[in-house]
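Single-structure report; data block below.
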Amino acid sequence: MFAVQFDRFGGPEVLHLGTADVPEPRAGEIRVRVRAAGVSPVDAGLRSGSTPMSARLTLPHIPGVDAAGVVDAIGDGVAGVAVGDDVFGLVDVATLGGASAEYAVLQMWAPKPAAVPWTQAGAAGTSVETATRALDRLDLRPGMTLLVDGAAGGVGSMAVQLAAAREVRVIGTARAGNHDFLTGLGATPVAYGPGLAGRVAARTVDRALDVAGAGSLPDLIALTGDPAAVLTLADFTAREHGVRLSMGRLAGEPDGRHGLSAAAELFTQGRFAVPVEAVFPVEKAADAHRAIERGSRRGKLVLSLEQDRQAARSSPR
Ligand SMILES: NC(=O)c1ccc[n+]([C@@H]2O[C@H](COP(=O)([O-])OP(=O)(O)OC[C@H]3O[C@@H](n4cnc5c(N)ncnc54)[C@H](OP(=O)(O)O)[C@@H]3O)[C@@H](O)[C@H]2O)c1
C-alpha cells in the first residue's frame, strides 16, 4: 500500500510517500481503506522527535491517529460491523500512528452517518474522544457554565459543541480573529492570555477545561473557585495547582466509543460538525504538518486520500 511516512526525525520535509505492508487487524480491531485522515499537533511532535513519546516509535513511522474509511477486514471477536461499512475512529493509541496510509487499523470506531463528509469524519476521532472524556470527568450538568481555554482548535471546537449539546453554557477563549468562529459554534468568546480571570465575571463559571496548556490554571481556579472544578489536557504543572490532568482513559471509565457514537448522532440531528480548516491531498502531508505547527487555527486539518489515490500510487518518493 502507499503510506505517508518518515524514516528520520526532523522537520515536515522528512515526510514522504512510500510503500508499506498492509497492516493486519488483531483481535478487537478492524482495517479500513482510508478515505481521510486527521492531522493533529501530536503527529508533528512525534515526527520532530521533540516529545518523549518519539522514543517509542519504530522507523519508518506512518503518522496519523485518526481516520475514516470503508471496512475491509475484521479482527477476531469484533461484532456489529461488516466489510463495506463506512466508519470513523482512532488507531491503537500504543502505535501512535498508522492513519495516513491507504489502509489503517482502527481500535475504536463508530458508524459514519452518510451525511457526514469523509473529511470531517476522518478528523474527528481523537478530538471527539478527548473532549468527551474531559466533559464526562468535569461532571457537567444542564444549566452549568463551562469555560474552555483554547476553544478554537481541534479539541476545543469539539468540546464547545459537545458541551452545548449537554445544555451547558460555554465561554470559549480564542485569538480575536476566531471570536466569530466561536460564536458560530455556540460559545461566548473571550480573549485568552494574561488577565483572563479579569475578563470573565467571577462566580459565573462552574467548570473550566484547559485545552491549551498555556499557563492559565491560576485564572481558571480563580474563576471557578475550586481546583477540583478545573481539568487540563495539556498543562503538566497541574498537580502543583491541585488540578486534574487527563491523559487517557482511567480504569473503570468507558472507552471512547460512546463519544464517537454520540457525536455521529448529534451530527445527523444538525447539532454537531467537525470544523475543517483545510484539506490537503495526501502527497502534501508535509504542508499539512507545516500548517499544524503554526498553532492558531479553526478546528481540524485533514489529509484526503480518495481523490489522490491514483496520484499517490504514481508519485515518486
Ligand atoms: N490529554 C489528552 O488526552 C490530549 C488529547 C489530544 C490533544 N491534547 C493536547 O491538547 C492540546 C490542544 O490540541 P488541539 O488538537 O486542540 O490543538 P490545536 O488544534 O492546534 O489547537 C490549539 C489551540 O490553542 C489555542 N491557543 C494558542 N495559544 C493559546 C493561549 N495562549 N491560550 C489559550 N489558547 C491558545 C489556539 O487558539 P487560536 O487559534 O484562537 O489562536 C488553537 O486554536 C495539545 O497540546 C495536544 O497535545 C491532549
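Note that ligands are numbered from 1 as they come in the structure, with each ligand's atoms numbered from 1 the same way.
Remark: minimum distance from atom 32 (N) of ligand 1 to any protein heavy atom is reached at Tyr192 CG, 3.3 Å. Ranking the protein heavy atoms by distance from atom 19 (O) of ligand 1 puts Gly154 N, 2.8 Å first. Ranking the protein heavy atoms by distance from atom 42 (C) of ligand 1 puts Gly295 O, 3.7 Å first. For atom 4 (C) of ligand 1, the nearest protein heavy atom (residue, atom name, distance) is Thr130 CG2, 3.8 Å. Of all protein heavy atoms, the one lying nearest to atom 18 (P) of ligand 1 is Arg297 NH1, 3.3 Å. With respect to atom 8 (N) of ligand 1, the closest heavy atom belonging to the protein is Leu233 O, 4.2 Å. For atom 46 (C) of ligand 1, the nearest non-hydrogen atom of the protein is Pro41 CB, 4.8 Å. Nearest to atom 2 (C) of ligand 1 among the protein's heavy atoms is Ser246 O, 3.6 Å.
The option with the heavy atom closest to atom 45 (O) of ligand 1, from among Ala234, Ala131, Gly248, is Ala234. Checking Val155, Val148, Asn178, Val211 against atom 10 (O) of ligand 1, the nearest heavy atom belongs to Val211.
Screening residues 53-93 for ring pair (Phe, Tyr, Trp, His ring centres under 6.0 Å) gives Phe6-His61 as the qualifying pairs, with residues at least two apart or on separate chains.
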For this session: Please assess Val70 against Trp118 for the test side-chain contact (heavy atoms from CB on, under 4.5 Å), listing each intermediate value before the final yes or no.
Result: CA-CA 10 Å; Val70 182; Trp118 282 109; 4.1 Å; yes
For this session: Could you give me the CA-CA distance, side-chain angles and deciding distance for Leu57 and Phe9, then say whether side-chain contact (heavy atoms from CB on, under 4.5 Å) is met?
Result: CA-CA 10 Å; Leu57 303 187; Phe9 297 111; 4.0 Å; yes
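Set against the non-hydrogen atoms of Arg133, the atoms of ligand 1 under 4.0 Å away are 3 (O). Atoms of ligand 1 lying under 4.0 Å from at least one heavy atom of Ala174, given by number and element, are 40 (O). Listed by atom number, the atoms of ligand 1 under 4.0 Å from Ala214 heavy atoms are 30 (C), 31 (N), 32 (N).
Residue Lys300 places no heavy atom under 4.0 Å from ligand 1.
Annotation: Ser127 places no N or O atom under 3.5 Å from an N or O atom of ligand 1; distance criterion only. Of the polar atoms of Ser296, at least one N or O is found under 3.5 Å from an N or O of ligand 1, judged by distance alone. Between Thr173 and ligand 1, not a single N/O pair is under 3.5 Å apart.
Leu185 and Ser157 make their closest contact through CD1-CB, 3.7 Å (heavy atoms, listed as atom of the first residue, atom of the second, distance).
Looking only at side-chain heavy atoms (C-beta outward), Arg47 and Pro63 stay at 4.5 Å or farther from each other.
Between the CZ atom in Arg166 and the CG atom in Leu146 there is a gap of 10.0 Å [rounded to 0.5 Å]. Here CD of Glu24 is found 5.0 Å from CZ of Arg31. Values are rounded to the nearest 0.5 Å.
Look at Arg199 and Asp219 and you find no salt bridge, because none of the NZ, NE, NH1 or NH2 atoms lies under 4.0 Å from a carboxylate O. Ion pairing between a basic and an acidic side chain is recognised when a charged N comes within 4.0 Å of a carboxylate O; Asp92 and Arg26 show such pairing. The existence of a salt bridge linking Arg133 and Asp136 is excluded, since no basic side-chain nitrogen approaches an acidic carboxylate oxygen closer than 4.0 Å. Here Glu253 pairs with Arg137 in a salt bridge; the nearest charged N to carboxylate O distance falls below 4.0 Å.
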